[in-house]
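Here is the structure we will look at.
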Amino acid sequence: MRLLNRMGTVIKIKMNKIMDRAEDPLETLDYSYQKQLELLQNVKRGVAQVTTSKKRLELQRGKLVQNIDKLNSQAKDAITANREDLARLALERKNGMLIQVQGLEVQIADLEKEQAKLVAAEKRLTAKVESFRTKKETIKAQYTAAEAQVKITESLSGISEEMADVGMAIHRSEEKTQDMKARSAALDELIEQGTLEDFTGGEDDIERELAKISATSSIESELESLKKEAGK
Amino acid sequence: MIVRIMGEGQYKLSSSVLDELNIIDNRIVDCIAAENEKDFTKELVRLIEAVKEKGEPLDPDQIIESDIIVPPEDLTLEEAREVFSGTGLIED
């Protein structure tokens with residue numbers, strides 16, 4: 001239980017921070033409930049953010065697909081006009097865009113997963129917050145101070161763990177969407193400029209070189225088949 | 001026992017599964033030491049799948065503290081190291 005133990009400790013530290021006990025234990029219950037409602041709002045905002053990011057990427061994908069269609073017909077026209085150089089340029093650009101589309105597909109799928117996770121977290125938290133509210137009122141109404149203390153500690157630890165978890169999920173999702181926002185802004189610029197070469201990032205030199213070689217050979221074979229089609 | 005998979009909720013498991021989880025946990029720690037991110041992710045996914053497979057999801061309106069906390073499946077090796085050093089992953 002080495003990683004799991006450490007994970008438990010990390011969560012405990014976070015839980016203690018969330019609990020922040022007031023002098024009056026019953027007040028602590030009310031305070032925690034307020035925090036839970038705030039957190040619920042934050043999850044909802046998180047879901048909205050992920051949805052917006054996903055829409056933005058889908059829009060970009062649409063634009064790229066349009067550009068690819070256009071470049072295809074430009075390459076064809078260029079061959080008909082005996083301008084192999086132009087056709088090659090169009091196919092090179094198309095190739096760059098195809099790579100981007102593939103990258104976007106992966107990101108869109110990631111965001112979809114993220115969205116589903118946050119929606120499920122929101123549902124779970126909603127159920128727990130409602131159950132906590134009922135418990136809180138029962139504790140206030142029925143128990144003596146000493147009995148209440150035990151019940152309060154129990155329900156506070158349970159709900160604080162949930163809050164630590166949901167808080168982390170929101171934080172991680174925010175980081176992911178921020179990262180995608182930056183990349184997607186860069187991509188927007190490149191779509192405008194029509195220059196998409198070497199925006200693959202991440203890969204090392206060897207992978208990039210290999211990708212270039214396979215792109216070049218696919219461009220050459222595409223050129224050949226365009227020429228054949230045009231009877232040249 | 002109650003197990004929380006971070007970001008995915010809590011599961012009720014029989015304590016007999018503990019040994020199996022321990023074995024995977026040890027393998028994960030070895031992967032971290034060897035900086036083997038690929039196997040690290042594979043083992044973490046295996047750990048999460050084991051919990052889901054052997055456990056029953058806890059009713060969401062039950063408020064219970066977990067006995068074991070499993071990190072999220074997209075935890076990176078870097079983040080796992082931070083868990084060990086007691087920093088990162090969860091912001092203050």
Side-chain angles (χ1 to χ4, degrees), chain A residues 1-15 17-18 32 36 43 46 110 113-114 116-118 120-136 151-176, chain B residues 1-11 17-33 40 43-44 47-48 50-51 57-77 79-92:
Chain A
M1 286 288 145
R2 292 187 286 176
L3 176 66
L4 298 179
N5 278 343
R6 289 298 314 173
M7 204 61 229
T9 313
V10 169
I11 286 292
K12 283 258 159 23
I13 294 169
K14 180 71 183 168
M15 278 164 66
K17 276 184 188 154
I18 288 172
S32 171
Q36 290 159 36
V43 194
D110 273 355
K113 236 173 139 184
E114 200 63 33
K117 257 192 190 170
L118 279 185
E122 185 197 330
K123 259 194 197 148
R124 280 196 305 272
L125 185 63
T126 305
K128 281 204 165 55
V129 169
E130 182 48 29
S131 157
F132 183 89
R133 192 186 61 80
T134 318
K135 230 180 210 166
K136 173 169 83 86
K151 296 270 167 204
I152 287 169
T153 309
E154 263 173 26
S155 42
L156 275 181
S157 333
I159 199 80
S160 300
E161 184 188 302
E162 186 73 25
M163 291 166 81
D165 186 3
V166 173
M168 188 213 65
I170 297 172
H171 177 59
R172 284 171 79 79
S173 141
E174 261 169 11
E175 276 187 340
K176 268 183 209 164
Chain B
M1 80 188 165
I2 305 291
V3 179
R4 172 181 296 276
I5 303 170
M6 293 202 67
E8 298 192 48
Q10 292 167 291
Y11 289 79
V17 188
L18 204 60
D19 284 343
E20 189 184 328
L21 299 186
N22 256 323
I23 293 169
I24 308 179
D25 188 24
N26 283 335
R27 276 206 296 259
I28 290 176
V29 177
D30 292 343
C31 292
I32 297 171
F40 163 79
E43 294 295 340
L44 185 56
L47 181 70
I48 290 168
V51 172
L58 191 76
D59 196 354
D61 54 14
Q62 274 194 280
I63 303 175
I64 307 178
E65 205 179 335
S66 308
D67 302 296
I68 293 174
I69 312 249
V70 180
E73 118 187 321
D74 58 358
L75 189 83
T76 62
L77 193 75
E79 286 173 318
R81 264 200 295 266
E82 286 169 2
V83 169
F84 276 97
S85 66
T87 58
L89 193 59
I90 293 180
E91 54 158 8
D92 289 332

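Chain letters run A, B, ... following the sequence lines, proteins first, then strands; residues in each count from 1.
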Worked verdict on B:E73 versus A:K113 for salt bridge (Lys or Arg N to Asp or Glu O under 4.0 Å): CA-CA 12 Å; B:E73 118 187 321; A:K113 236 173 139 184; 3.4 Å; yes
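- Under the rule for a salt bridge (charged side-chain N to carboxylate O under 4.0 Å, His left out), A:K123 has no partner lying at least two apart in sequence or in another chain.
- When the side-chain hydrogen bond (donor to acceptor under 3.5 Å, both in side chains) test is applied to B:D74, the partners found at least two apart in sequence or on another chain are A:R172, A:K176.
- With A:K128 contributing its side chain and B:P60 its backbone, the two residues share a donor-acceptor pair below 3.5 Å.
- What you find for A:M7 and B:V70 is that their closest heavy atoms are CG-C, 4.4 Å.
- Residue contact with chain A, scored on non-hydrogen atoms closer than 4.5 Å, involves the backbone of B:I64 exclusively.
- Of the two parts of B:L47, only the side chain, counted from C-beta on, holds a non-hydrogen atom closer than 4.5 Å to a non-hydrogen atom of chain A.
- Separating the CD atom in A:E161 from the CD1 atom in B:I63 is a distance of 11.5 Å, to the nearest 0.5 Å.
- Interface remark: of the candidates B:E65, B:E8, B:R4, B:R4 forms the most heavy-atom pairs closer than 4.5 Å to chain A.
- B:D61 places no side-chain N or O within 3.5 Å of a backbone atom of A:A127 that could act as its donor or acceptor partner.
- Using a 4.5 Å heavy-atom cutoff, the side chains of B:R27 and A:L3 are not in contact.
- Between A:L4 and B:P71 the shortest heavy-atom distance is CD2-CD, 4.0 Å.
- The minimum heavy-atom distance between B:P72 and A:M168, with the atom names listed, is CG-CE, 4.0 Å.
- Across B:I28, B:V29, B:I69, the residue that shares the most heavy-atom pairs under 4.5 angstrom with chain A is B:I69.
- Within the 4.5 angstrom heavy-atom criterion, atoms from both the backbone and the side chain of A:E162 approach chain B.
- The most heavy-atom pairs under 4.5 Å with chain B, out of A:A169, A:A120, A:S160, A:S131, come from A:S131.
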